[in-house]
Asks: 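Take this structure, written in structure tokens, and hold onto it; I'll ask about it next.
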Protein chains: 2
Amino acid sequence: MSSLAEVSRLAGVSVSTASRVLTGSSHPISEKTRQRVIAVAQQLGYSPSALARALVSRSSQLIGVLVSDIVNPYFSVIARGVDDIASRAGYATMLSNVDRRTSTEIARVQTMRDYRAAGVIFAGSGYVDDPQTPDLLKAVRQAQEQGMHAVSLTDRDIGCPVITPDNRAAAYDITDHLISLGHRRIAFIDGPAGMVASQQRRDGFLACMSDADLAGGAECHPGGFDYEAGHAVAMRLIARRPLPDAILAANDEAAVGALNALRQAHIDVPGEVSVAGIDDLRVAQFVGLTTVSLPLYELGAMAARYIINTPPDTDADPPPTTILSHRLIPRETTARRA
Amino acid sequence: MSSLAEVSRLAGVSVSTASRVLTGSSHPISEKTRQRVIAVAQQLGYSPSALARALVSRSSQLIGVLVSDIVNPYFSVIARGVDDIASRAGYATMLSNVDRRTSTEIARVQTMRDYRAAGVIFAGSGYVDDPQTPDLLKAVRQAQEQGMHAVSLTDRDIGCPVITPDNRAAAYDITDHLISLGHRRIAFIDGPAGMVASQQRRDGFLACMSDADLAGGAECHPGGFDYEAGHAVAMRLIARRPLPDAILAANDEAAVGALNALRQAHIDVPGEVSVAGIDDLRVAQFVGLTTVSLPLYELGAMAARYIINTPPDTDADPPPTTILSHRLIPRETTARRA
DNA sequence: TTGTAAGCGTTATCAT
DNA sequence: ATGATAACGCTTACAA
């Protein structure tokens, strides 16, 4: 690895001059030395140490993304959005799986801090009444004091800007769609207990049902965000009969689980029961699932842009909340009630 | 951000002493000073600068993973394997999407080098006769000379150890399974043209067919690794009739595409046609797809372990190749021929 | 057992 | 227009 010192020596100039040339500083430099330095650097294959740079500038070109689990497509799409913007701007992406553990999030924020990351992005939802939130908030504040940015992609009170879809409205809208199709008795498969995102989606569902005077037809079942949860709830529904008019799952994966349970039981979807989800992941297209498209990629991209473009210590004081819009995507798993 | 200097000052010792205490050096230290330093550090919330550390040690605790696209579950599972091992060992994961572009891989290796990463993992397959491979090889060599490790998760001649599944054997085995079920005319949906992994899988298919004296019943169709490709090929097969006995896709996603095309055309799977894939991603479980399970998570985990545990410049000279085993997973999309 | 000082590779402040 | 030199925060000989 050739260093600046090496380049400057071969070019017969001081390190400062070499630095000025190579960083494209506005400092005046004679054309001949500029050429010479560039030539030597080029020929040596010189590439500046991001570490040394970050050490003096007190900030690296790293952006951290904290996801629950990168295998979950919800998060990998977000991560893709982040990395696309980051790499385009010369930044690199640091990824960390936190498995929904707040304590792990706290630890990772510290890691990002140790590398003087330009910012951290919290992609996962928090828990209702999480006793560790204050600690996370403190960790975030310390990171910010050090000049780091933080962004949350879900509604979370951790002292940083929030860029998020409106989970409640998304659930409300898809519920409304189901109702407009003539469905009256709708079963909702809840997300993981205690998660803020689960709660918001359920709230949206219930609000819509009661706005339509259908509160009596609404039933919530403890579920989860995974295939198995959706499958299990649907199995129970099937065993219990009569079936509801429609089943809405808190996310696409659970909806697909429910859908498969129904199909395995030879129940016609959407003939006998309509099924819908929320997220619009790729799998939803595969199975023709009616759902709500959330701007996941854009969420990650916007967060990255924010981090890259906001100068340190410039963050607005009450951290702003940005709501990105969603879109209803009707497909083949829903139909007008017979 | 408190620094070592600060800690040492408050503890009334020199920075070296503080450093020795905090790094757990074997250098003898009196118990009282040790306690004092630890207390101060603790109370100050001191956390060492990973940057400064990396700068002097000439190596950071960062592991880079180069994937084609993190949204593709094939890669996100690998990335998860890497990050699990990495974070457990105190390392952080740097992720980069390269969209199968060798030039981007080269650029990213340089980025990892700039951060003095402990190692880079190439998760994606290369191309047959890729003119840029020599450049990549050179970039890898330079990285290695600098003390970085490199690992490829596919069969690739870029001067680094390879840890990979046996694509050819995997395809061979699943083909053999299809044949053992009585299928004679089998259509193979190829992966992306020019990719080594595509070629290996097709080779395995063809080899098995010809070993079974069924070369005449083998037909390969240009396809891809995505849903759309599988869907399109199946549509063409359907339009053309008669249908083959079975369809094997180069990977699960294409297989699911084919499966859906068949189902949409009301063709009974596995009644009329059997369908199988390769990879065993989560979606394969969802749809009950017969496939071959590849140790993707383990691939990432092993690569990370290798990077973490192999001391610099200790790499074996002809870089070793490690083949991890696969497993046939029969599910509901295949059945004995009618 | 503790401290001093050099050095890792940059950038930035002053001089010249 | 160019060059010393002091940080940045840490580890590690080398001294004491």
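Remember, predicted model here, so these are calculated numbers, not experimental data. So that the names make sense, note that chain A is the first sequence line, chain B the second, and so on, each numbered from 1.
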Asks: For B:Asp157, I'd like to know if atom CG has over 12 heavy atoms of other residues, nucleotides or ligands within 6.0 Å.
Replies: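 Atom CG in B:Asp157 is not packed in, count stays at 12 or less.
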Asks: Can you tell me how far C1' of D:dA7 sits from CG of A:Leu55, to the nearest Å?
Replies: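 Distance, rounded to whole Å: 9 Å.
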Asks: Is any side-chain nitrogen or oxygen of B:Ser49 closer than 4.0 Å to OP1 or OP2 of D:dG9?
Replies: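 No.
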Asks: Take A:Leu153 and A:Thr164 through the test side chain to side chain contact (heavy atoms under 4.5 Å, CB included) and record every step on the way to the result.
Replies: CA-CA 5 Å; A:Leu153 268 23; A:Thr164 180; 5.9 Å; no
Asks: Using the side chain to side chain donor-acceptor pair (under 3.5 Å) rule, take A:Thr23 and A:Ser25 through it: C-alpha gap first, then chi angles, then the decisive distance, then the call.
Replies: CA-CA 5 Å; A:Thr23 53; A:Ser25 139; 5.0 Å; no
Asks: So, is B:Thr33 close to the C:dT2 phosphate, meaning a side-chain N or O under 4.0 Å from OP1 or OP2?
Replies: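 For B:Thr33, the contact criterion (side-chain N or O under 4.0 Å from OP1 or OP2 of C:dT2) is met.
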Asks: May I have the distance from A:Arg34 (atom CZ) to D:dT2 (atom C1'), rounded to whole angstrom?
Replies: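 Going from CZ in A:Arg34 over to C1' in D:dT2 covers 13 Å.
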Asks: Among C:dA5, C:dT10, C:dG7, which nucleotide has an atom closest to any side-chain atom of A:Leu4?
Replies: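 Of the options given, the side chain of A:Leu4 lies nearest C:dT10.
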Asks: Tell me which residues in residues 20-31 of chain B lie within less than 4.0 Å of DNA chain D, going by non-hydrogen atoms.
Replies: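 Only B:Arg20, B:Thr23 qualify.
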Asks: Does any part of the side chain of A:Tyr46, heavy atoms only, come nearer than 4.5 Å to the side chain of A:Val40, both counted from C-beta?
Replies: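 They are not in side-chain contact.
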Asks: Starting from C1' on C:dG9, measure out to CD on B:Gln146 and report it in whole angstrom.
Replies: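 Whole-Å distance recorded here is 12 Å.
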Asks: Should B:Ser19 be listed as having a side-chain N or O under 4.0 Å from OP1 or OP2 of D:dT11?
Replies: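 Looking at the OP1 and OP2 atoms of D:dT11, one of them is under 4.0 Å from a side-chain N or O of B:Ser19.
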Asks: To the nearest angstrom, how far is B:Gln61 atom CD from D:dC10 atom C1'?
Replies: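 Value for this atom pair: 14 Å.
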Asks: How long is the line joining CE of B:Met1 and P of D:dG9, in whole Å?
Replies: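 My rounded result for the distance is 9 Å.
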Asks: For A:Arg36 and D:dT2, what is the distance between atoms CZ and C1' respectively, to the nearest whole Å?
Replies: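 To the nearest whole Å, that distance equals 11 Å.
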Asks: Heavy-atom distance under 4.5 Å between the side chains of B:Leu44 and B:Glu6, does that happen here?
Replies: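 They are in contact (side-chain heavy atoms under 4.5 Å apart), so the answer is yes.
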Asks: Just to confirm, is there a sub-4.0 Å distance from OP1 or OP2 of C:dT2 to any side-chain nitrogen or oxygen of B:Ser14?
Replies: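 Result: no.
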Asks: Expressed as a whole number of angstroms, how long is the span from A:Leu51:CG to C:dG7:C1'?
Replies: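 Result: 15 Å.
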Asks: Assign A:Ser57 to base, sugar-phosphate, or nothing according to its heavy-atom contacts below 4.0 angstrom with the strands shown.
Replies: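 Answer is nothing: A:Ser57 stays at 4.0 Å or more from every strand.
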Asks: Quick one: CD1 on B:Ile106 to CG on B:Leu137, what's the gap to the nearest 0.5 Å?
Replies: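 The distance works out to 10.0 Å.
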Asks: A:Arg58 side chain N/O closer than 4.0 Å to the phosphate oxygens (OP1, OP2) of D:dG9?
Replies: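 Yes, such a contact exists.
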Asks: Taking CZ from A:Arg53 and P from C:dT11, how many angstroms apart are they, rounded to a whole number?
Replies: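 Result: 5 Å.
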Asks: Using a 6.0 Å cut-off, check whether atom CD of A:Glu31 has over 12 heavy atoms from anything other than its own residue.
Replies: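 More than 12 within 6.0 Å, yes.
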Asks: Please tabulate, one pair per line, all N/O donor-acceptor pairs under 3.5 Å involving side-chain atoms of residues 116-124 of chain A, not counting sequence neighbours.
Replies:
unit_1   : atom_1 : unit_2   : atom_2 : d
A:Arg116 : NH1    : A:Arg113 : O      : 2.9

Asks: Toward the 5' end of DNA chain C, which comes first, B:Lys32 or A:Ala5, by nearest nucleotide?
Replies: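 Its nucleotide being nearer the 5' end, the pick is B:Lys32.
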Asks: At 4.0 Å (heavy atoms only), tell me whether A:Ser47 reaches a base, stays on the sugar-phosphate, or touches nothing.
Replies: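 A:Ser47: backbone/sugar contact only, no base atoms under 4.0 Å.
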Asks: Check this one for me: any side-chain N or O of A:Tyr115 less than 4.0 Å away from OP1 or OP2 of D:dG9?
Replies: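 It does not, given that no N or O in the side chain of A:Tyr115 lies less than 4.0 Å from OP1 or OP2 of D:dG9.
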